[in-house]
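For reference, the structure discussed in these notes is given below.
All values below were derived from every heavy atom in this structure, side-chain atoms included, with hydrogens, water molecules and symmetry-related copies excluded. Residue numbering restarts at 1 for every chain, and letters A, B, ... go by the order of the sequence lines.
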Number of protein chains: 2
Amino acid sequence: MSKGNLLEILFIPLEEFRRIQEADIERFEKLGIISDMCRVNALSAVKKAGSGHLGSSFSSLDIVTFLYFEEMNIMQVGIDSPHRDIYFSSKGHDCPGLYSVLTVMGIIPFEKLLKLRRLGGLDGHPDVRIPGIEVNSGSLGMGISKAKGIALAKRMKKNKGRVFVMTGDGELQEGQIWEALQNVAHQKVNDIIVIVDYNKIQTDKPIKEIIGLGDLEKKFSVFGWCVERCNGHNFLELKEVFEKLRKIEDRPKILIADTIKGKGISFMEGPIALEEGEGLYRWHAGAPSDEDYEKGLKELVKKINDRLKRWKVEPISLKIVETREKNRVRLKDIAEKVVNAYSEALVELGEKREDIVVLDADLAADCGLRPFEEKFPERFIECGIAEQDMVSTAGGLALQGFLPIVNSFGVFLASRANEQIYTNACERTKIIYVCHYAGLIPAGPGKSHQSIRDISLFGTLPNCVIIEPCNGKETKLALEWCVNEAKENCMLRLIISPSPRSILLPQNYKFSFGKGVILKEGKDVVVFSYGPVILHEVLTAAEILDKKGISVKVVNMPWINRVNKEWVFEVIKEPKAIFVVDNHYIYGGMGDYLLNVFAENLCKTNKIFHKLGMSQFPECGRPQEVLKYHKLDGESLVLKIEEILEKI
Amino acid sequence: MSKGNLLEILFIPLEEFRRIQEADIERFEKLGIISDMCRVNALSAVKKAGSGHLGSSFSSLDIVTFLYFEEMNIMQVGIDSPHRDIYFSSKGHDCPGLYSVLTVMGIIPFEKLLKLRRLGGLDGHPDVRIPGIEVNSGSLGMGISKAKGIALAKRMKKNKGRVFVMTGDGELQEGQIWEALQNVAHQKVNDIIVIVDYNKIQTDKPIKEIIGLGDLEKKFSVFGWCVERCNGHNFLELKEVFEKLRKIEDRPKILIADTIKGKGISFMEGPIALEEGEGLYRWHAGAPSDEDYEKGLKELVKKINDRLKRWKVEPISLKIVETREKNRVRLKDIAEKVVNAYSEALVELGEKREDIVVLDADLAADCGLRPFEEKFPERFIECGIAEQDMVSTAGGLALQGFLPIVNSFGVFLASRANEQIYTNACERTKIIYVCHYAGLIPAGPGKSHQSIRDISLFGTLPNCVIIEPCNGKETKLALEWCVNEAKENCMLRLIISPSPRSILLPQNYKFSFGKGVILKEGKDVVVFSYGPVILHEVLTAAEILDKKGISVKVVNMPWINRVNKEWVFEVIKEPKAIFVVDNHYIYGGMGDYLLNVFAENLCKTNKIFHKLGMSQFPECGRPQEVLKYHKLDGESLVLKIEEILEKI
């Protein structure tokens with residue numbers, strides 16, 4: 001696997017799965033081997049992609065394998081039959097495991113697995129465009145409701161087949177789960193089998209430390225469900241429990257499957273990994289290092305071959321699909337990340353202002369909240385994966401005179417808790433909402449995670465300022481402004497991705513309400529944009545255009561929905577054409593706010609105004625390929641600007 | 001109370017409350033009398049307002065009375081003390097009862113009670129601008145989370161006082177309730193006492209027929225709460241149970257209070273009223289008829305006086321606050337309502353298309369779904385007050401080839417289920433979302449119900465057409481188009497309010513993608529708008545302006561976010577000024593879509609473009625006073641149009 005300074009990424013080819021499937025090995029022993037072989041391919045797919053969720057792919061994989069190879073009727077009736085059993089994962093992020101199984105089933109072409117999280121490959125979270133994928137998921141808590149719709153449809157169409165839906169355990173903190181449990185039981189949609197992948201660790205901490213689930217068996221029972229429990233890694237137990245469940249017809253069914261997060265690679269396995277991480281589990285998301293990849297792969301392959309040897313079957317052979325230099329420097333390891341500045345500023349402000357309370361919905365590490373949590377544990381409120389509860393809790397705190405700073409990924413916070421945010425805003429208190437992971441990039445996790453609607457979702461509150469800073473320095477200034485100066489609610493939009501270049505602000509830069517800053521002078525064209533990722537593309541475009549004789553002024557405009565008119569009219573005075581590039585859907589973003597400001601003036605001055613941004617659902621892939629796909633990379637911006645200028 | 005053809009609206013003045021409070025009557029007997037006196041004032045406030053929620057005001061009123069007069073410390077420490085006990089209602093619509101109690105407490109001025117649901121009076125749902133109101137509510141399910149924030153704030157500030165929050169029972173169908181129950185227990189926020197007003201009837205049907213709640217005591221227990229249960233109309237039981245709860249310190253507390261919806265007026269009381277309504281409860285919302293008002297008032301007053309007599313206390317005297325003609329004809333009884341046309345069209349289409357499934361979240365009557373429900377019970381899915389579950393269920397149905405038509409009030413559907421709608425849209429199926437109660441009017445229920453953000457909340461889905469029809473005929477055409485022609489998701493925006501005039505469409509009107517229709521010709525100015533209510537105001541403005549010599553073209557544009565450019569450029573050819581009047585927040589509505597379409601063209605033709613719409617949170621009040629407040633009534637539109645034209 002290792003050749004000195006080279007790393008080889010290895011997959012088990014389909015022929016090898018065929019050979020093992022046909023070999024003379026005891027049924028469940030074989031299933032375990034197949035499952036571990038799928039673990040190998042999931043591990044390599046994630047390593048190749050550079051990101052992905054191994055922990056829960058591995059905890060759920062034995063169950064998924066059992067379902068497809070033993071329990072469901074897909075091998076009999078085919079994946080296109082209306083009478084097929086349907087399986088999907090509500091949590092969704094365990095899809096590297098599911099994709100591996102579906103390639104073995106012949107449903108997903110093997111080549112696709114080599115393109116996990118790549119444009120035209122397999123999305124970072126399930127998407128129905130992929131063969132065998134029944135439902136889009138990635139945002140938590142929707143699965144049981146979806147299963148209800150599917151099962152009701154089957155009933156109405158008199159189609160056969162049951163509906164299996166896998167949920168996470170942390171996912172049970174989402175309220176929609178309990179709506180669905182209540183409704184499915186009332187409506188007697190009894191063909192649903194929910195399986196809880198009960199690995200007891202959510203993002204990076206044990207569930208009981210975030211929001212404990214209490215006695216799950218009793219909870220589900222009292223909600224009217226037939227509850228069973230078994231070891232989710234023991235095929236015999238799985239067989240027995242599913243046989244039992246098949247006989248239950250008067251209630252919907254739920255299986256609590258006790259599993260181990262990271263199962264299969266010893267150092268990724270729940271209890272050990274938690275100990276090694278001093279209480280933090282580090283294998284939830286992200287690709288392993290080169291060293292860990294090699295170590296993990298070696299362990300898995302050894303376990304597989306040891307068992308094959310016992311059954312006198314030849315060891316498996318793996319195929320090299322990529323050879324790369326070891327310990328490649330990755331952008332995310334060296335580039336500036338605004339979250340670090342945010343994290344520091346939060347602690348600094350927390351020291352000065354005792355009224356600051358920080359709220360989290362189980363993304364504390366990604367949102368840079370851990371330093372604040374450690375320093376001010378009494379002012380840090382962990383709400384688990386329950387964004388609605390978090391936002392309304394913030395509302396209560398604000399009514400009592402605190403200044404809540406509410407954190408989550410933008411796509412979840414802005415939409416899942418939208419009505420709660422509106423209700424808080426109606427109370428005319430001040431709350432700071434921080435939408436992390438704003439915009440199109442990173443594009444690996446796919447459309448459930450890319451936040452391109454958050455500006456529009458906050459933008460129709462009459463009392464909310466939306467700000468997106470362009471670098472660490474501006475992030476600190478922005479947070480300080482929100483805390484100390486703002487008179488209304490604030491939405492701070494932070495990108496989670498590193499940018500290929502650090503955006504440089506003038507030495508004497510002041511963060512001033514409604515005013516942006518010119519990053520590069522130019523007289524033919526002015527481009528407004530914001531945030532580290534898109535500003536880099538805009539600057540790249542400007543540099544190319546400059547060389548072509550078109551002089552481009554680039555403006556960093558962190559104030560998405562507030563504009564100082566005097567300043568902006570001065571900025572647009574000379575250029576004939578104005579462009580706005582939104583890291584957002586083309587409607588409801590900064591482009592629309594500026595268009596409103598310019599509307600009258602444009603006619604008087606005969607300037608061209610043009611908005612650029614997203615006009616489709618965001619694609620999954622590497623940053624550059626996705627930026628290019630959506631025509632938001634530097635080169636595409638050049639072409640667009642040239643095209644528009646030609647029309648003048 | 002009745003003088004032939006005149007109706008008198010009567011209130012019990014504060015002096016009478018003082019007299020009874022000081023009278024020599026047994027403590028709880030007196031409390032019962034006070035409570036019924038509050039019922040009188042709540043009844044009269046709702047009658048005077050013309051709308052309001054009596055059923056649950058009455059079911060919760062004995063508890064509210066008990067809390068303020070017996071259990072809470074407000075009389076001791078004052079309503080402004082940081083150490084005060086805090087009470088609020090999560091359901092919110094029971095506020096006529098609460099307001100009555102707060103007037104007796106001297107917290108709300110008595111005169112305000114005469115201005116229920118009027119501009120500058122008492123909002124139709126609680127608003128913190130009103131003295132004594134701690135939290136905004138009206139959208140369900142947020143209360144326990146809010147209480148958590150308040151209780152945590154008290155803990156951090158070392159302030160005394162407990163937090164009492166009343167929930168409905170139907171409200172327990174909302175997922176956020178269960179998030180909050182789980183989180184409060186985990187975080188040991190033990191100073192919270194939740195009281196469930198368990199009257200067993202939701203909007204207009206028994207809970208068990210909508211979504212049964214199962215064994216509530218067990219459910220709450222297993223979620224980690226201390227659970228008690230008592231008769232919510234028996235003060236002795238209430239006293240004992242609250243004494244017991246005061247001693248529990250290791251867990252948060254929940255009281256299931258068995259109550260009777262409409263308690264106090266026999267024909268409004270749950271079981272009787274259900275029987276009389278043949279299974280439907282008709283006293284949830286809305287003012288009683290003149291006859292029912294007089295009958296109910298008489299019964300309440302008699303009950304009060306009978307008890308006073310037993311204690312040898314003079315009967316109460318009431319004060320006439322308004323005399324009006326009996327059986328006044330109300331606009332809503334005679335004007336066209338688009339929901340009726342929608343209701344008919346739904347049944348007609350249901351007959352032709354077997355793939356249509358209708359989903360409801362406990363607003364079947366308001367949304368005109370009952371005829372479909374009765375005719376096609378197997379294709380009608382009641383989801384209870386669980387909008388997220390409803391939307392994801394629709395997603396599952398659509399994936400299996402059905403065409404779901406999802407109904408709720410716009411403000412709930414568009415925001416509460418926003419992420420679920422986005423996830424469905426990503427699957428590229430087709431779903432029709434019907435946002436009832438769209439826009440500013442009716443304004444009586446207040447900002448939790450007025451939907452002025454829904455266009456922006458749906459508008460950033462790349463595959464969703466938004467349509468608002470202007471009358472019954474167009475409503476049918478729109479629904480038929482959505483069902484039979486649309487290739488993508490549809491959001492149908494229906495106004496629930498009657499309009500003072502029926503909007504007349506040309507005889508040969510065709511409902512044609514992206515094209516509106518000219519309702520009135522004119523050459524100086526063109527105004528685009530939509531929907532019965534605002535088009536009436538626009539037509540009124542046009543008529544006034546015409547008389548003043550300004551010729552106004554009025555365009556009904558039902559296609560909020562899709563425009564046929566050829567058609568629209570022809571429409572705007574002659575007029576020098578273009579106006580768009582949105583029944584929506586001024587950003588993200590039709591104005592912004594048209595501005596985008598016109599942006600380039602405006603500069604070439606030197607036309608003025610001006611958007612009108614909402615720029616603040618919607619106020620509560622009668623239609624005309626609120627339209628005027630927001631400058632969207634005919635006369636304000638005239639002034640604005642004249643002002644803009646003067647600038648040319």
Side-chain angles (χ1 to χ4, degrees), chain A residues 128 136 139 142 145-150 152-153 175-176 178-180 182-183 186 211-212 214-215 218-219 222 224 383-384 386 388-389 392-397 399-400 402 415-416 418-420 422-423 426-427 447 453 456 459-460 462 585 587-588 592 595 599 602-603 606 609 615-617, chain B residues 128 136 139 142 145-150 152-153 175-176 178-180 182-183 186 211-212 214-215 218-219 222 224 383-384 386 388-389 392-397 399-400 402 415-416 418-420 422-423 426-427 447 453 456 459-460 462 585 587-588 592 595 599 602-603 606 609 615-617:
Chain A
V128 291
N136 282 21
S139 175
M142 303 181 196
S145 305
K146 276 253 165 93
K148 170 153 68 94
I150 293 172
L152 285 170
Q176 189 182 353
W178 302 94
E179 290 182 0
Q182 199 149 256
N183 290 7
H186 175 91
I211 297 293
D215 187 334
K218 273 198 194 156
K219 278 189 179 174
V222 74
C383 297
Q388 305 191 40
D389 177 65
S392 295
T393 301
L397 287 159
L399 284 167
Q400 294 292 308
F402 281 93
S415 64
R416 181 72 62 122
N418 194 277
E419 197 177 14
Q420 288 75 11
Y422 172 74
T423 302
C426 287
E427 291 170 335
K447 60 188 86 60
R453 298 168 66 239
S456 68
T460 47
Y585 193 62
Y587 289 109
D592 273 351
L595 175 56
L602 292 176
C603 304
N606 209 20
F609 177 88
S615 55
Q616 301 166 44
F617 291 112
Chain B
V128 293
N136 282 20
S139 174
M142 303 180 194
S145 306
K146 277 255 166 92
K148 170 153 68 92
I150 293 172
L152 285 169
Q176 189 181 352
W178 302 94
E179 290 182 0
Q182 199 149 255
N183 289 8
H186 175 91
I211 296 294
D215 187 334
K218 273 198 194 156
K219 277 188 179 173
V222 74
C383 297
Q388 304 192 35
D389 177 65
S392 295
T393 301
L397 286 160
L399 284 167
Q400 293 293 306
F402 280 93
S415 65
R416 181 73 62 121
N418 194 277
E419 197 177 13
Q420 287 75 12
Y422 172 74
T423 302
C426 287
E427 291 169 335
K447 60 188 87 58
R453 299 167 66 239
S456 68
T460 46
Y585 193 62
Y587 290 109
D592 273 352
L595 175 57
L602 291 177
C603 304
N606 209 22
F609 177 87
S615 55
Q616 301 166 45
F617 290 112

Go through the steps for A:Asn418 and B:Arg453 under the test side chain to side chain contact (heavy atoms under 4.5 Å, CB included), then give the verdict. CA-CA 11 Å; A:Asn418 194 277; B:Arg453 299 167 66 239; 3.0 Å; yes
On a heavy-atom basis, which atom in [X] and which in [Y] lie closest, and how many Å separate them?
X        : Y        : value
A:Gly175 : B:Glu179 : N-OE2, 2.8 Å
A:Val222 : B:Lys219 : O-CE, 3.6 Å
A:Pro462 : B:Ser615 : CB-O, 3.5 Å
B:Leu595 : A:Ala599 : CD1-CB, 4.0 Å
B:Gly149 : A:Leu397 : O-CD2, 3.4 Å
B:His186 : A:Gly212 : ND1-N, 2.8 Å

Taking the side chain as every heavy atom from C-beta outward, state whether B:Asp389 and A:Gln182 have any pair of such atoms under 4.5 Å apart. no
Heavy atoms, side chains only, cut-off 4.5 Å: are A:Thr423 and B:Lys146 in contact? yes
Given B:Lys148, B:Gln420, B:Glu419, the one with more heavy-atom pairs under 4.5 angstrom with chain A than any other is B:Glu419
Quick check on the interface: out of B:Leu399, B:Asn136, B:Asp215, B:Leu152, who has the most heavy-atom pairs with chain A under 4.5 Å? B:Asn136
When [options] are compared by non-hydrogen pairs under 4.5 Å with chain B, the top option:
options                                : result
A:Val128, A:Ile150, A:Asp592           : A:Ile150
A:Ser139, A:Cys383, A:Gly459, A:Cys426 : A:Cys426
A:Gly395, A:Ala147, A:Gly396, A:Gly214 : A:Gly396

Would you say A:Gln176's side chain and B:Gln388's backbone share a donor-acceptor pair under 3.5 angstrom? yes
If we ignore angles and hydrogens, is there a donor and acceptor under 3.5 Å between the side chains of B:Ser456 and A:Thr460? yes
Region of [X] that comes under 4.5 Å of a non-hydrogen atom in chain A:
X        : result
B:Ile211 : both
B:Ala394 : neither
B:Gln616 : backbone

Salt bridge (charged side-chain N to carboxylate O under 4.0 Å, His left out) filter on A:Lys447, not counting sequence neighbours, yields A:Asp123, A:Asp127
Residue set satisfying ring-ring contact (aromatic ring centres under 6.0 Å, His included) with B:Tyr585, at least two apart, ordered chain then number -> none
Straight-line distance of A:Tyr422 OH to B:Arg416 CZ, nearest 0.5 Å: 13.0 Å
